[in-house]
Amino acid sequence: MRLLLATWNINSIRPRAEPLRRLIAYERPDILCLQETKVADDHFPHGLAQELGYGHRLVRGEPGYNGVAILSRVPLIPLPHRDFCRKGDCRHLAARLPGGIELHNLYVPAGGHVADPRANPKFAHKLAFLDEVARWLKRQRAGNGLILAGDLNVAPLPADVWSHEKLLGVVSHTPIEVEALERIRAAKGFTDALRHFIAPETKLYSWWSYRARDWRASDRGRRLDHIWVTAPLASRLSSAHVLKDARDWSPPSDHAPVLAGLEIEHDIALARPEPRR
DNA sequence: ATGGTTGTGCGACAA
């Protein structure tokens, strides 16, 4: 059977109930990783998620900023989350899925505007965060498969931005960030699910600024949201796409959901989660 | 275009 995984920077979950309903109506993902939920845990809309069929949930939020959640139709075993850069912010959640697959939902700092870590502490934080993730991942066991999904806030390929030349100095596409992201990818030999199916030369974005008069017409996008899988899962990838239409759903997030399908054993899909070690 | 928009929570920030 196919396990459909989605990641979406929802830019606040509370005003986005209708877009969330539409995502479920259009795609019905089995597992949904959310970033920028912008809600403290005691205000998370559990009722909405439950109503949409997500009986298994991990949420980790703070008031106003950041915040991650994993909504699932299949059982989740919570795994320890990391506090990268020790800021006490909410940018990572991890879970074990049936079949011993590990899922990591990550929200990488955006990094501010100035692409100089000496002049811009936010950019320094982003680079330190990416470096820490890479070093931590190297120590992780890949086991039956790792999935890294989330808003990684880096567009790695020239075709992941509307103009490679114009964005070389713009935070999200600078060579230093692309190199840092590549170290994360190389740490476990991840396969980029979208680029597994879509040629690297094909323009592909998952984010369009709110500031454009007509985001679709100007199409100045960037591919900031990613689903990566390790080798045991790469051979099981059956589909991947960006749900671009969601950028128009009212009220829109500035990010569109990214989805990937994995063909997994039927008995794994139905298996009860393994006991926590 | 030192712009432009959105969310949070009610004034700046962060994106």
Side-chain angles (χ1 to χ4, degrees), chain A residues 7-23 33-45 48 59-69 83-85 87-92 105-117 119-130 133 149-156 160-163 166-167 169-174 176-178 180-181 205-226 242 244-258:
Chain A
T7 182
W8 191 18
N9 179 321
I10 195 168
N11 187 18
S12 307
I13 190 170
R14 284 175 290 180
R16 228 71 75 195
E18 285 314 307
L20 192 58
R21 286 183 203 282
R22 279 186 92 165
L23 172 61
C33 294
L34 297 172
Q35 304 84 36
E36 279 206 90
T37 51
K38 294 191 185 179
V39 61
D41 291 348
D42 53 355
H43 290 111
F44 190 90
L48 171 66
V59 303
R60 187 168 169 236
E62 55 190 294
Y65 302 104
N66 308 323
V68 282
D83 179 16
F84 296 111
C85 296
K87 285 187 173 282
D89 52 6
C90 297
R91 297 181 176 276
H92 175 239
N105 179 12
L106 195 64
Y107 174 47
V108 172
H113 294 293
V114 179
D116 177 355
N120 173 11
K122 288 183 204 159
F123 194 61
H125 175 217
K126 181 179 196 175
L127 296 179
F129 189 103
L130 291 168
V133 170
D151 177 1
L152 305 186
N153 260 319
V154 180
D160 291 336
V161 292
W162 64 276
S163 168
K166 287 192 172 68
L167 271 72
V170 174
V171 172
S172 71
H173 193 59
T174 63
I176 191 170
E177 292 166 85
V178 171
L181 190 72
Y205 318 132
S206 65
W207 173 89
W208 294 261
S209 170
Y210 282 127
R211 296 174 191 175
R213 274 198 198 87
D214 182 337
W215 70 273
R216 200 184 281 274
S218 60
D219 201 23
R220 294 188 170 189
R222 307 177 198 173
R223 188 170 71 103
L224 305 178
D225 304 276
H226 304 273
V242 178
K244 186 174 176 179
D245 285 352
R247 182 59 181 77
D248 268 332
W249 295 348
S250 184
S253 169
D254 45 356
H255 294 252
V258 171

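What's counted below: heavy atoms across the whole structure, side chains too, no hydrogens, waters or symmetry copies.
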Distance, [atom1] atom - from [M] to [N], rounded to whole angstrom:
| N | M | atom1 | value |
| --- | --- | --- | --- |
| dA12(B) | dT2(B) | P | 24 Å |
| dC13(B) | dG3(B) | P | 16 Å |
| dA15(B) | dG9(B) | P | 15 Å |
| dT6(B) | dG11(B) | C1' | 16 Å |
| dA1(B) | dT5(B) | C1' | 15 Å |

* Asked: Would Val133(A) and His92(A) satisfy side chain to side chain contact (heavy atoms under 4.5 Å, CB included), going step by step from the backbone distance to the final call?
  -> CA-CA 10 Å; Val133(A) 170; His92(A) 175 239; over 6 Å; no
Just the rounded figure in Å: distance from [atom2] of [N] to [atom1] of [X].
| X | N | atom1 | atom2 | value |
| --- | --- | --- | --- | --- |
| Leu34(A) | dG7(B) | CG | C1' | 16 Å |
| Asp89(A) | dA15(B) | CG | P | 10 Å |
| His125(A) | dC13(B) | NE2 | C1' | 16 Å |
| Asn11(A) | dG7(B) | CG | P | 7 Å |
| Ile10(A) | dA15(B) | CD1 | P | 18 Å |
| Asn120(A) | dA15(B) | CG | P | 10 Å |
| His255(A) | dA14(B) | NE2 | P | 16 Å |
| Glu36(A) | dG7(B) | CD | C1' | 9 Å |

* Side chain of Tyr210(A) - closest among dT5(B), dA15(B), dT8(B) ->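 So the nucleotide nearest the side chain must be dT5(B).
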* To do: Report the nucleotide, chosen from dG7(B), dA1(B), dT5(B), that has the shortest atom-to-atom distance to any side-chain atom of Arg213(A).
  =>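 Between dG7(B), dA1(B), dT5(B), the one nearest the side chain of Arg213(A) would be dA1(B).
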* Asked: Which part of the nucleic acid, if any, lies within reach of Pro15(A) when heavy atoms closer than 4.0 Å are counted: base, sugar-phosphate only, or nothing?
  -> sugar-phosphate
* Sugar-phosphate only, base, or nothing, as touched by Arg16(A) at under 4.0 Å among non-hydrogen atoms -> sugar-phosphate
* Residues in ring pair (Phe, Tyr, Trp, His ring centres under 6.0 Å) with Trp162(A), at least two apart? -> none
Scan nucleotides 9-11 of chain B against the protein and return all N/O pairs shorter than 3.5 Å with their distances rounded to 0.1 Å.
{"unit_1": "dG9(B)", "atom_1": "OP1", "unit_2": "Gly64(A)", "atom_2": "N", "d": "3.4"}

* To do: Hey, which sits more toward the 5' end of DNA chain B by its nearest nucleotide, Ala212(A) or Asn153(A)?
  =>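 Comparing both residues, the 5'-ward one is Ala212(A).
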* **Residue whose closest nucleotide on DNA chain B lies nearer the 5' end, Thr37(A) versus Trp207(A)** =>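 Looking at the nearest nucleotide for each, Thr37(A) comes out on the 5' side.
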* Determine yes or no for a side-chain-to-main-chain donor-acceptor pair under 3.5 angstrom, with Asn9(A) supplying the side chain and Glu36(A) the backbone. => no
* Taking Tyr205(A) for its side chain and Lys244(A) for its backbone only, find out whether a donor-acceptor pair lies under 3.5 Å. =>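 Checking the backbone N and O of Lys244(A) against the side chain of Tyr205(A), no donor-acceptor pair under 3.5 Å is found.
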* Asked: Just checking, is any N or O donor in the side chain of Glu177(A) or Ser172(A) under 3.5 Å from an acceptor N or O on the other one?
  -> no
* To do: Return no unless some side-chain N or O of Ser209(A) is found under 4.0 Å from OP1 or OP2 of dT5(B).
  => no
* Asked: At their closest point, which heavy atom of Leu23(A) faces which heavy atom of Trp8(A), and how far apart are they?
  ->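 Between these two residues, the closest heavy atoms are CD2-CE3, 3.7 Å.
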* Heavy atoms only: give me the nearest His255(A)-Asp151(A) pair and the separation to one decimal. => CE1-OD2, 3.3 Å
* Measure distances between side-chain N and O atoms of Arg211(A) and base N and O atoms of dA15(B), and say whether any donor-acceptor pair falls under 3.5 Å. => yes
* Got a second to check how far Gln35(A)'s CD is from Ile13(A)'s CD1, nearest 0.5 Å? -> 11.0 Å
